[in-house]
Novice: 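Right, I'll just put the structure down here and ask away after.
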Amino acid sequence: MTLSLGMIGAGCIAREHVASIAALEGAQLEAVADLDAGRAEELAAAAGATAYTDWGAMLDADTLDAVVVCTPPL
């Protein structure tokens, strides 16, 4: 069984988490959402995932087991 993951945020810390996810056996990053389409597409392409600019659309479109939130604190 594969754990299907999504990620909200595609900034610097997200790249670190992508590397950690890639090292996990049985986990696959399926989707990345970021307001910056270029960042979302770049990170998603590196992981073989789908890019979104709206996290709600990502959740509606993909069946994910968990979501990693990588957004800056307010």
Side-chain angles (χ1 to χ4, degrees):
M1 179 175 147
T2 299
L3 184 64
S4 178
L5 302 173
M7 183 171 289
I8 299 173
C12 294
I13 195 66
R15 295 176 193 286
E16 298 297 322
H17 287 291
V18 168
S20 297
I21 291 168
L24 294 173
E25 186 176 326
Q28 176 65 40
L29 184 62
E30 299 290 341
V32 176
D34 194 283
L35 293 175
D36 182 319
R39 274 198 318 211
E41 290 167 4
E42 181 181 343
L43 193 61
T50 304
Y52 296 89
T53 55
D54 180 291
W55 63 267
M58 177 184 78
L59 296 178
D60 288 341
D62 282 291
T63 302
L64 302 170
D65 298 311
V67 175
V68 179
V69 180
C70 298
T71 58
L74 296 176

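Note that these values count all heavy atoms, side chains included, but never hydrogens, waters or copies made by symmetry.
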Novice: Quick test of your reading: applying side-chain hydrogen bond (donor to acceptor under 3.5 Å, both in side chains), list the pairs with at least one residue in residues 53-74, sequence neighbours left out, ordered by first then second residue.
Specialist: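 Matches after skipping sequence neighbours: Tyr52-Asp62.
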Novice: For a side-chain contact (heavy atoms from CB on, under 4.5 Å) with Met7, tell me which candidate from Val18, Leu64, Val69, Val67 qualifies.
Specialist: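 In the set Val18, Leu64, Val69, Val67, the residue that makes a side-chain contact (heavy atoms from CB on, under 4.5 Å) with Met7 is Val18.
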Novice: Side chains of residues 24-32: which donor-acceptor pairs under 3.5 Å do they make with residues two or more places apart or in other chains?
Specialist:
{"unit_1": "Gln28", "atom_1": "NE2", "unit_2": "Ala47", "atom_2": "O", "d": "3.4"}

Novice: So, for Gly9 and Ala14, which heavy atoms are closest and what is the spacing to 0.1 Å?
Specialist: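 Heavy-atom minimum between the residues: O-CB, 3.4 Å.
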Novice: What pairs of residues pass the salt bridge (Lys or Arg N to Asp or Glu O under 4.0 Å) test when at least one of them lies in residues 36-50, not counting sequence neighbours?
Specialist: Arg15-Glu42, Asp34-Arg39
Novice: Kindly write out the residues that satisfy salt bridge (Lys or Arg N to Asp or Glu O under 4.0 Å) with Glu16, not counting sequence neighbours, or none if the list is empty.
Specialist: none
